[in-house]
Visitor: 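Sharing a structure below in structure tokens format, with a few things to ask.
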Amino acid sequence: MNKLPHVAVLGATGAVGQEFIRLFEERNFSFASLKLLASAKSAGKKLMVCGEEYTVEEAKPDSFKDIDIALFAGGKVSEVLAPEAVRRGAVVIDNSSAFRMDPQVPLIIPEINPEDIEKHRGIIANPNCSTIIMLMALKPIYDLSPIKRVIVSTYQAVSGAGKEGIDELYGETEAVSKEIVYEPKILPSASLPKHYP
């Protein structure tokens, strides 16, 4: 790409979308234009990116017209909007689980298999966080002596549930410290006891 890309971030107000924005600033990522997209309830919010204020728009199929790169942090909405973005000419880099098992979508860890990016048909997926970190450590070992099997147990972070999950953990922690009842909505099965002695 010889020109600066037109970029969209889907899920801009969530935990992963906010991390995309932080990385734009940290790495001084240049773009011709930036569109911040989220659900209807987040539309209209103002976010600062690289010193400029942007208004979050509701994500719709036509949101991706004239977009070159679409960074998706949208969960289930990826299944619906990623193909729409590709139809409109965007390359989608999807952070959700929507396309991880699709044999037509390359699963990329840039430090391990960047050459597979060339195989994309409009969508590029990434493995989940625990897989990426594990493989970053295992790949150099594999290159020296092939690994036949790995047995893994993961204990996923609450951040996997997005900003709402993180906020809920804060709420639960505060409730425990004050010994009050807290009714979790995002992660009810993984929550702390609701009643205290």
Visitor: Hey, quick one: are I186 and L169 part of the same hydrophobic cluster, counting side-chain heavy atoms closer than 4.5 Å, chains of contacts allowed?
Guide: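 Cluster IDs for I186 and L169 match.
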
Visitor: Please check if any side-chain donor atom of T55 sits under 3.5 Å from a side-chain acceptor atom of K46, or the reverse.
Guide: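 The criterion, which ignores hydrogens and geometry beyond distance, is satisfied for K46 and T55.
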
Visitor: Assigning hydrophobic clusters by single linkage (Ile, Leu, Val, Met, Phe, Trp, Tyr; side-chain heavy-atom cutoff under 4.5 Å), is V77 placed with F64?
Guide: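 Yes; F64 is reachable from V77 via cluster members.
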
Visitor: So, do Y142 and I147 sit near enough that their side-chain heavy atoms are less than 4.5 Å apart?
Guide: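 The answer is yes, as the side chains (C-beta and beyond) meet within the 4.5 Å cut-off.
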
Visitor: Roughly how far apart are E52 CD and L47 CG, rounded to 0.5 Å?
Guide: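 E52 CD to L47 CG: 13.0 Å, rounded to 0.5 Å.
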
Visitor: Test salt bridge (charged side-chain N to carboxylate O under 4.0 Å, His left out) on D62 and K65; report intermediate values, then the result.
Guide: CA-CA 6 Å; D62 284 338; K65 184 177 183 296; over 6 Å; no

Visitor: Answer yes if L36 and L71 sit in the same cluster of Ile, Leu, Val, Met, Phe, Trp and Tyr residues linked by side chain heavy atoms under 4.5 Å apart, and no otherwise.
Guide: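 Yes; L71 is reachable from L36 via cluster members.
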
Visitor: Please answer whether the main-chain N or O of S63 pairs with a side-chain N or O of K35 as donor and acceptor at a distance below 3.5 Å.
Guide: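 Side chain of K35 to backbone of S63, a donor-acceptor pair under 3.5 Å: yes, one is there.
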
Visitor: How about I123 and V86: do any of their side-chain heavy atoms sit closer than 4.5 Å?
Guide: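 Of all side-chain heavy-atom pairs linking V86 with I123, at least one is under 4.5 Å.
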
Visitor: Below 4.0 angstrom, N of the basic side chain to O of the carboxylate: do D66 and R88 qualify?
Guide: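 R88 and D66: not salt-bridged.
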
Visitor: Could you tell me which non-hydrogen atom of G17 sits nearest to which non-hydrogen atom of V9, and how far apart they are?
Guide: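 What the structure gives for the nearest pair is CA-CG1, 4.3 Å.
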
Visitor: Would you say that R100 contacts N126 through its side chain, given a criterion of any heavy-atom pair below 4.5 Å between the two side chains?
Guide: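 Touching, per the 4.5 Å side-chain cut-off.
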
Visitor: Taking C-beta and beyond as the side chain, do V176 and Y182 meet within less than 4.5 Å on heavy atoms?
Guide: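 No; the side chains remain at least 4.5 Å from each other.
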
Visitor: When you measure from the side chain of E111 to the backbone of M136, do you find a donor-acceptor pair of N or O atoms at a distance under 3.5 Å?
Guide: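 No; judged by distance alone, with no hydrogens or angles, the pair does not exist.
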
Visitor: Return the NE2 to CD distance between H120 and E118, rounded to the nearest 0.5 Å.
Guide: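 Answer for the NE2-CD pair, H120 versus E118, is 7.0 Å.
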
Visitor: So, N128 side chain and T131 main chain: donor-acceptor pair closer than 3.5 Å or not?
Guide: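 Confirmed, N128 side chain pairs with T131 backbone.
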
Visitor: For V105 and I124, run side chain to side chain contact (heavy atoms under 4.5 Å, CB included): C-alpha distance rounded to whole Å, both residues' side-chain angles, the deciding distance at 0.1 Å, then the answer.
Guide: CA-CA 6 Å; V105 175; I124 298 166; 5.7 Å; no

Visitor: Starting from the C-alpha separation in whole Å, work towards a yes-or-no answer on side chain to side chain contact (heavy atoms under 4.5 Å, CB included) for F31 and D68.
Guide: CA-CA 10 Å; F31 42 78; D68 299 308; over 6 Å; no

Visitor: Once rounded to the nearest 0.5 Å, what's the spacing between atom CZ of R121 and atom CD of Q104?
Guide: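 Spacing of CZ (R121) from CD (Q104) equals 4.0 Å.
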
Visitor: Side chains of E26 and L23: closer than 4.5 Å at any heavy-atom pair?
Guide: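 Yes; the side chains approach each other to less than 4.5 Å.
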
Visitor: Using every non-hydrogen atom in the two residues, find where P5 and I69 come nearest and quote the distance to one decimal.
Guide: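 Here P5 and I69 meet closest at CB-CD1, 3.9 Å.
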
Visitor: Should we count CE of M101 as having more than 12 external heavy atoms under 6.0 Å?
Guide: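 No - once you tally the heavy atoms of other residues, nucleotides and ligands closer than 6.0 Å, there are 12 at most.
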
Visitor: For residues I21 and I67: do they belong to one hydrophobic cluster (side chain heavy atoms under 4.5 Å, members Ile, Leu, Val, Met, Phe, Trp, Tyr)?
Guide: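 No, no single cluster joins them.
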
Visitor: Among residues at least two apart in sequence or on other chains, which ones pass side-chain hydrogen bond (donor to acceptor under 3.5 Å, both in side chains) with K41?
Guide: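 K41 satisfies side-chain hydrogen bond (donor to acceptor under 3.5 Å, both in side chains) with no other residue.
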
Visitor: Can you tell me how far SG of C50 sits from CZ of R27, rounded to the nearest 0.5 angstrom?
Guide: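 It is 13.0 Å, given to the nearest 0.5 Å.
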
Visitor: Does a side-chain N-to-carboxylate-O contact under 4.0 Å join R22 and E25?
Guide: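 Result for this pair is no, no salt bridge flagged.
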
Visitor: If I compare all heavy atoms of S33 with all of H6, which pair ends up nearest, and what's the gap?
Guide: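 Looking at all heavy atoms of both residues, the closest pair is OG-ND1, 2.7 Å.
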
Visitor: Would you say L37 and E58 make side-chain contact, with heavy atoms under 4.5 Å?
Guide: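 Not in contact.
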
Visitor: I need the L34 CG to Y54 OH distance, nearest 0.5 Å.
Guide: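 If we round to the nearest 0.5 Å, L34:CG and Y54:OH are 5.0 Å apart.
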
Visitor: Ignoring hydrogens, what is the shortest heavy-atom contact between P127 and L107? Give both atom names and the distance.
Guide: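 The answer is N-CD1, 3.5 Å.
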
Visitor: So, taking the atom named CD in E183 and the one named CD in E172, what distance separates them when rounded to the nearest 0.5 Å?
Guide: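 Going from the CD atom of E183 to the CD atom of E172 covers 10.0 Å.
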
Visitor: Would you say N95 and F72 make side-chain contact, with heavy atoms under 4.5 Å?
Guide: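 N95 vs F72: side chains apart.
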
Visitor: Report the residues that fulfil side-chain hydrogen bond (donor to acceptor under 3.5 Å, both in side chains) with S96, sequence neighbours left out, ordered by chain and then residue number.
Guide: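 Counting only residues at least two positions away or on another chain, S96 forms a side-chain hydrogen bond (donor to acceptor under 3.5 Å, both in side chains) with S78, D94.
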
Visitor: Taking all atoms of both residues into account, what is the closest heavy-atom pair of A59 and L81, and its distance?
Guide: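 The answer is CB-CD1, 3.7 Å.
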
Visitor: Identify whether L10 and V56 are in the same connected component of the hydrophobic contact network (ILVMFWY, side-chain heavy atoms under 4.5 Å).
Guide: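 Unlinked, L10 and V56 end up in two clusters.
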
Visitor: Indicate yes or no: at least one non-hydrogen side-chain atom of K139 is less than 4.5 angstrom from one of L135.
Guide: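 Counting from C-beta outward, K139 and L135 never come under 4.5 Å.
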
